[in-house]
Structure formats: structure tokens, C-alpha cells
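Below, read A as the first sequence line, B as the second, and so on, with proteins coming before strands; counting in each chain starts at 1. From a predicted model like this one, the values you see are computed outputs, not experimental measurements.
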Number of protein chains: 2
Amino acid sequence: MTQDGRLIRGERTRTAVLDQALVLATVAGLDGLSLSQVADALGVSKSGLFAHWRSKEALQLAVIEHARAQWTERIIRPALAAPRGIRRLWAVHDTRLAFYEAEVLPGGCFFANAHFEYNARPGVIRDRLAVELTDWMTFLTTLAADAVALGELRPGAEPGGVAYETESLGVCAVMQAPVLGRDVTFRRARRAQLEHLRALATDPTILPEPT
Amino acid sequence: MTQDGRLIRGERTRTAVLDQALVLATVAGLDGLSLSQVADALGVSKSGLFAHWRSKEALQLAVIEHARAQWTERIIRPALAAPRGIRRLWAVHDTRLAFYEAEVLPGGCFFANAHFEYNARPGVIRDRLAVELTDWMTFLTTLAADAVALGELRPGAEPGGVAYETESLGVCAVMQAPVLGRDVTFRRARRAQLEHLRALATDPTILPEPT
DNA sequence: TATGTTTACGAACGGTCGGTCTTATTGTAC
DNA sequence: GTACAATAAGACCGACCGTTCGTAAACATA
């Protein structure tokens, strides 16, 4: 970074590469990610990428970190504006659905895809993904505990009860899309599925409405 | 097939290849499947595979068909031995969990993995996967409708209600495994998760017990 | 036994992969 | 201006990819 605060050239291309790599990885998979394709899509040389990351694995880890930063910025941070308790839990649900609806990532949920891809492939990547998922589950569990402590959520489903349910909803949102896509367009199908999920989530036997 | 009913040489290797390819594809992904690895694992030549399938894509489609046949044989057919209604619905749940517990496929659920892999990749493979998932959902919906008609299951959650819930359980079983694996062993973690899912499924607000 | 098909092999193809060089340009600091 | 590090490009490497080819057994049929 220069003294006046503007991004220097290297930092600009670095974030551009991470943005592009995140999109490509969400579609082709984190392992199917091709350095050549990333470089070509940005109009830079492939060897230039190795000036920023010394290996493909290093770039993959950076992509995961980038995805988490985006997740925090677009889902967690806006939701934390809601008051504590059940309303904050619902805010997380809403910001997440809004993020999917915005289709920032054409391949759906990066983390869900990555987890299924590396589920049976031990190594640095899977370890890192496991940390991300653990943190996310802990975050949801904490919110749920908050809601229980405030008397806004019936206890007894812990540990991981509400969080688990919430997690599965988003996961399946991606899961179901191709099926419905045979009848309507792919984009509209995903939206319809999300509406269905929202309706399912409002079932008071699963998650009570905020009062 | 010869006149006395024994498998001829070609058929034997064909099924052996499909068995091996299914295992490898469940771990490395249907796209990450390598013909060289399949051939090496079986001690046959890579070029010999092209005597059975004219392209990698043809083999991938055959693997999907093979996975469906295995699914039908090990999950659907045993479950159909149960009497119609809620008990048959529960039988499907049990045979499915048993199949996962047996760890026939080291990578977890082949279809769940494949769906996430090809979610954003239109083409012949995704179209075929969509058909498989549609058939599976239709099957579950039919079983649920049966149970409703027999008065063993409360109506109102259709379409896709119970089926959707059941589907999400199995999907998430694979999803969560790496996380818990940090505390206990990977294999024991998956089993523990399955037990948790079973307990969750017995919640009468989600799916009532068979009477 | 003779014939044609199926099945399998080894060698090789063009292409892409991740990765490593050398070289040139850019921007900063002195 | 000079020195220096960061950044980028281009040529190139060995490895692996899916695929094709020619060839040769194995097999069914006659």
C-alpha cells in the first residue's frame, strides 16, 4: 500500500485473482480450479500468480479465506445489526437467503460445495474447511443459546438443534436446484426453492416466529 | 453371456470397472475420476476401457446407472419388504442409514456428492443426475402419500414435506462428518452423527413413530 | 478347422495441468 | 540519478489427461 492509502498494483491484482478464483472454484470445484483459466479470465499470465502464492494449494487456502471474508461481510455483519435473540437468528437466515438469491457466486454455496468435494479427501484443505464449518456452527449455536436465554426459543433441541436445522436448509437449497430446473428456468427454480424453504422454516414446530 | 449362463470375460471386467469407478468417483468426484487410476487399480490397460465405453462421459453415465442399480438393490428393494405406510417409510430410512454405516462407498453418498459437483455445470451428466434425484423424490413422496392415505401420517406437509426432510437428513450426514472428525475418529464421528440424525428423526413434530 | 467378433494391450498422440526458469517493467527509497 | 524490491510476462518443463491406432489374443459361430 502506498503512503496515500491507494492500493498498489500487486494488491489490486491479488484481490482480483481471489474474486475470480472464488467464482470459478464454486462452479468447477476447489480442486477443479485451473490456474490457467483464472489467469486467462483476468488477462494476466499464469506465472504471475506464483508471484503471489507459491503453489496452487496456497491459492486454494487463500480462496477459502476470501470466501470466509465475503461470508462475514455479506451475511454475518448485516445480521448482527438485528437485536440479540430470535430476531438475530432470523436475520442470519434472511441475509443468507438474500446472498444466495443475489447469485454472487453462480455455483451456489461455496462452502457446501467444497465440503462435499473434500469430504473424503484428508489434507490441509479439508482441515481448513472443517475449521470454517466448526466456526459457523458455533456461531449459530451461540445465537440459538442467546435466544433460549432470552426465553424466545424453546430449549431442548441443543446441542446443534436449531443450528443443525438451519444449516440443512441452506445446504439443500443448492442441492435441489437442478431438479426443479427441469420444469422452470434454473434461476427461477432456485428462488422458488428458497421460498419453499422460508415457508418450511416458519413452521412453528421447527423454529418459532419472532414475537 | 455364454449359453450356459456364466459371465463372459467382457462382462466380468465391465462390472469390475464400474465397481471400481464408482468407489473412485465417490471420493475424487465424477469429473475428477481418472481413467488411468481406474485401469491401474484393476491391473488392466487404460485403452482397454474404450472397448466398453467410447468416451469418459459414457463411462460416467454408466457409473451413475451402476450407482442407481446399487441404490435400488441395497436400499429400495429391502425396504419394500416392509408393509405399506409409515413402516415402509421408516424402512427406507433405516436401510439408507445402514448403507451409509456399512461404508460401501468410502466417499459417502455418491448422489449427494455428484449433485453438488454438477449443480452449476449444465450438460448430459447433470441432466441424468436430475432425473435420478427426481425419481428418488417421487419415490419418497409416493411412500408418504401412502402413509397419509392409511392415516398413519399427518397430512399437510406435502408436497415434498416429509420427503424433503428425509432427504436433508442423509445429505447432512455426509456434510457434517469432517467437523466432528476433529474430535473423534472419522469413522466413529460419522456413526455418531447418524445416531444423532436418527434421534432427530424420531421427533414426533417432524416424523411420527410407527404405531 | 476356418471365420468373424469381442476384448485387451502397448505405443503414441495432442492438449492441459501445476510449476520453474529468465527477463522486463514498475514503483519506492535513497 | 542510482539502487532495489515488487510485480508481471513469456518460454519452457515433466507429468498426466482423454483418446486413437495397430495388433494380438480370446471367444463364438459355422
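As rounded to whole Å, 13 Å separates atom C1' of C/dA8 from atom CZ of B/Arg12. Regarding B/Trp53, its CH2 atom lies at a distance of 14 Å from the P atom of D/dG18, rounded to whole Å. Note: CG (B/Leu49) to C1' (D/dG18) measures 11 Å, nearest angstrom. Taking atom CD of B/Glu57 as the reference point, atom P of D/dC17 lies 19 Å away to the nearest angstrom. One interatomic measurement links the two molecules: CG of B/Leu59 to P of D/dT19, which rounds to 10 Å at whole-angstrom precision. The interatomic distance linking B/Asp40 (CG) with C/dG10 (C1') rounds to 13 Å, in whole Å.
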For residues 48-56 of chain B, which side-chain donor-acceptor pairs fall under 3.5 Å, sequence neighbours excluded?
residue, atom, partner, partner atom, Å
B/Ser55, OG, B/Ala58, N, 3.2
B/Lys56, NZ, B/Asp31, O, 2.9
B/Lys56, NZ, B/Leu33, O, 2.9

Could you list the donor-acceptor pairs under 3.5 angstrom formed by side chains in residues 77-85 of chain A, with sequence neighbours left out?
residue, atom, partner, partner atom, Å
A/Arg77, NE, A/Glu73, OE1, 3.2
A/Arg77, NE, A/Glu73, OE2, 3.3
A/Arg77, NH2, A/Glu73, OE2, 2.7
A/Arg84, NE, A/Asp146, OD2, 2.8
A/Arg84, NH2, A/Asp146, OD1, 3.0
A/Arg84, NH2, A/Asp146, OD2, 3.0

Sequence neighbours excluded and cut-off under 3.5 Å, please list the side-chain donor-acceptor pairs for residues 17-28 of chain B, or say none.
residue, atom, partner, partner atom, Å
B/Asp19, OD1, B/His66, NE2, 2.7
B/Thr26, OG1, B/Leu22, O, 2.6

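In this model, the phosphate group of D/dA8 is not approached by any side-chain N or O of A/Ser47 to a distance below 4.0 Å at OP1 or OP2. Within the 4.0 Å cut-off from OP1 or OP2 of D/dA8, at least one side-chain nitrogen or oxygen of A/His52 is found.
Remark: the A/Ser45 side chain and the D/dA8 base include no donor-acceptor N/O pair separated by less than 3.5 Å.
Listed by chain and number, the residues in a side-chain contact (heavy atoms from CB on, under 4.5 Å) with B/Val124 are B/Glu57, B/Leu61 (sequence neighbours excluded). Looking at residues two or more places apart in sequence or on another chain, you find no salt bridge (Lys or Arg N to Asp or Glu O under 4.0 Å) involving B/Asp40.
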Heavy-atom protein contacts under 4.0 Å, nucleotides 12-18 of chain C, coded B base, S sugar-phosphate only, - none | -----SB
Step-by-step side chain to side chain contact (heavy atoms under 4.5 Å, CB included) determination, A/Phe111 to A/Glu132 | CA-CA 8 Å; A/Phe111 287 107; A/Glu132 299 297 334; 4.1 Å; yes
